[in-house]
Amino acid sequence: MGYSKSVLARASHILQERRAAAEQQAQRQREAVLKRCPELSTIEREMAATGLSAVRAVGDPQHARKTVQTLAKRNLELQEERRQLLLRHGFSEDCLQPAYTCKKCSDTGFQNGAVCECRARLLRELAFQELAAQSPLKLSDFQSFRLDLYADEPDETGLVPREEMAAILSICKTYAAEFSEHADSLFLYGKTGLGKTHLSLAIAAAAIDKGFGVVYGSAPTLLGKLEKERFGRAPDENTEGLLADCDLLILDDLGAEYTTGYTKAALYELLNTRLLRGKPTILNSNLTFPELEARYSDRVTSRILGNYTVLHFAGGDMRIRLR
């Protein structure tokens, strides 16, 4: 699984528009050239005729080789005549060719049966835009994560928040640098405003930059969407399949959603499916493990405790300190 349906569709649409624009511009250029070089039509008609004759000659084995060689020689002569004609009238020799944005794939997005670099780059850019639009803050990075906002004195637990968060920041940086489709899953928990979303989005940015497909959303939004699609209250956009198959799923604010029997079952099924497929998930929550178990049952909690790297965020609300 690479990218969401919307990103893939937008990329295809943009490439089609690029290709169409280049070909329309080439047609306008051709019309302008023909006005100044009407003899170009005669040359190109003969070139087309030699090509057709070469195809027909293949059906005559006795004379095919000699005929094709003669026609090929004449075609080269006509190409040179066309080139000289264009140069004499002040045009470049390639002025009749569409000026595609990508010369390698002619803006098709594919080259020799493989995805072209231009399509891969466009997909990454669109995925960044989609993720940034969905996130509660702009797409974050590690450089803007401020350790100075955390207390450098022990809290009630005896831990020094700044030291704890420095260690978590280092873990997240390493995780992002080494991210792969089979990376470990992370459970980030702690009080609100401690940077869980910030660091998970920084990881997402690094994963997207490597070409991985990332789906980010809050638990209320994504689980609510699953429920509406399941019971026919919204169009079926295969959200369940997208969440199960994406390279990295980030489920933010777990525990803030309205919990129903369906959302509990859907959450367990989603986490279990991704674990069985070896796909990484990042969960962010303000809930402690006892609170998590009370809300979702021990099945969900055991999956997280047994299979996720758990990172406890310490300190006071950074947003208050920023204000």
Side-chain angles (χ1 to χ4, degrees), residues 124-125 127-179 183-210 212 214-223 248-257 280-296 301 304-305 308-323:
R124 288 196 297 271
E125 291 171 357
F128 268 117
Q129 293 172 16
E130 183 175 79
L131 185 61
Q134 294 173 356
S135 65
L137 37 136
K138 68 179 182 178
L139 206 56
S140 305
D141 55 41
F142 293 113
Q143 288 69 33
S144 59
F145 191 79
R146 292 181 55 183
L147 288 172
D148 63 297
L149 296 176
Y150 295 89
D152 59 356
E153 297 179 354
D155 59 15
E156 65 275 9
T157 67
L159 300 175
V160 179
R162 188 175 300 178
E163 293 177 357
E164 295 298 303
M165 294 310 302
I168 287 178
L169 175 60
S170 177
I171 290 170
C172 289
K173 283 182 175 180
T174 300
Y175 182 88
E178 298 176 356
F179 183 82
D184 292 338
S185 292
L186 304 180
F187 181 65
L188 282 51
Y189 82 101
K191 296 177 182 178
T192 187
L194 293 179
K196 299 183 295 293
T197 299
H198 186 125
L199 289 183
S200 59
L201 286 173
I203 292 170
I208 290 173
D209 199 41
K210 292 182 178 182
F212 292 104
V214 179
V215 173
Y216 166 89
S218 68
T221 298
L222 293 182
L223 292 176
L248 172 62
L249 171 64
I250 300 175
L251 198 59
D252 201 12
D253 216 7
L254 182 65
E257 74 281 359
T281 304
I282 296 177
L283 300 176
N284 298 334
S285 181
N286 299 337
L287 301 180
T288 63
F289 275 100
E291 292 170 335
L292 200 68
E293 186 171 356
R295 181 180 288 262
Y296 298 109
T301 310
I304 296 172
L305 277 171
Y308 283 58
T309 297
V310 177
L311 300 177
H312 177 231
F313 282 56
D317 193 329
M318 289 194 304
R319 290 172 292 194
I320 295 177
R321 289 176 176 268
L322 281 169
R323 288 197 295 269

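Contact detail for L194 and G190: the closest heavy-atom pair is CD1-C, 4.2 Å. Between T281 and S185, the shortest heavy-atom distance links the atoms N-OG, 2.9 Å. The nearest pair of heavy atoms linking A176 to A206 is CB-CB, 3.7 Å. P280 and A183 get closest at one heavy-atom pair: CB-O, 3.4 Å. D141 approaches H198 most closely through the heavy-atom pair O-NE2, 2.9 Å.
Note: D253 CG to T197 OG1 = 7.0 Å, rounded to the nearest 0.5 Å. To the nearest 0.5 angstrom, I304 atom CD1 is 8.5 Å from Y296 atom OH. Here the CG atom belonging to L188 is positioned 11.0 Å from the NE2 atom belonging to H312, to the nearest 0.5 angstrom.
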Donor-acceptor list for residues 167-175 side chains, cut-off 3.5 Å, not counting sequence neighbours:
unit_1	atom_1	unit_2	atom_2	d
T174	OG1	S170	O	3.1
Y175	OH	D184	O	2.5

Next on the checklist: For L222 and Y216: C-alpha separation, side-chain torsions, deciding distance, then whether side-chain contact (heavy atoms from CB on, under 4.5 Å) applies.
Outcome noted: CA-CA 9 Å; L222 293 182; Y216 166 89; over 6 Å; no
Next on the checklist: Could you go through E257 and S218, starting from their C-alpha distance and side-chain angles, then the distance that decides it, and tell me whether this counts as side-chain contact (heavy atoms from CB on, under 4.5 Å)?
Outcome noted: CA-CA 8 Å; E257 74 281 359; S218 68; over 6 Å; no
Next on the checklist: Applying side-chain contact (heavy atoms from CB on, under 4.5 Å) to F142 and I203, what does each step give before you reach the verdict?
Outcome noted: CA-CA 8 Å; F142 293 113; I203 292 170; 4.0 Å; yes
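Residues L311 and F187 are not in side-chain contact: their nearest non-hydrogen atoms beyond the backbone lie 4.5 Å or more apart. Between F212 and I208 there is no side-chain heavy-atom pair separated by less than 4.5 Å. The shortest distance between side-chain heavy atoms of L292 and L254 falls below 4.5 Å. Using a 4.5 Å cut-off on side-chain heavy atoms (C-beta onward), I282 and L249 make no contact. Counting heavy atoms from C-beta on, the side chains of L283 and Y189 never come closer than 4.5 Å. Annotation: side chain of Y308 is not in contact with side chain of L186 (no heavy-atom distance under 4.5 Å). Counting heavy atoms from C-beta on, the side chains of M165 and F145 come closer than 4.5 Å.
Residue pairs satisfying the side chain to side chain donor-acceptor pair (under 3.5 Å) criterion with at least one member in residues 282-292, sequence neighbours excluded, are listed as follows: K196-N286, S200-N284, D252-N284, T288-E291.
No donor-acceptor pair closer than 3.5 Å links the side chain of R162 to the backbone N or O of E153.
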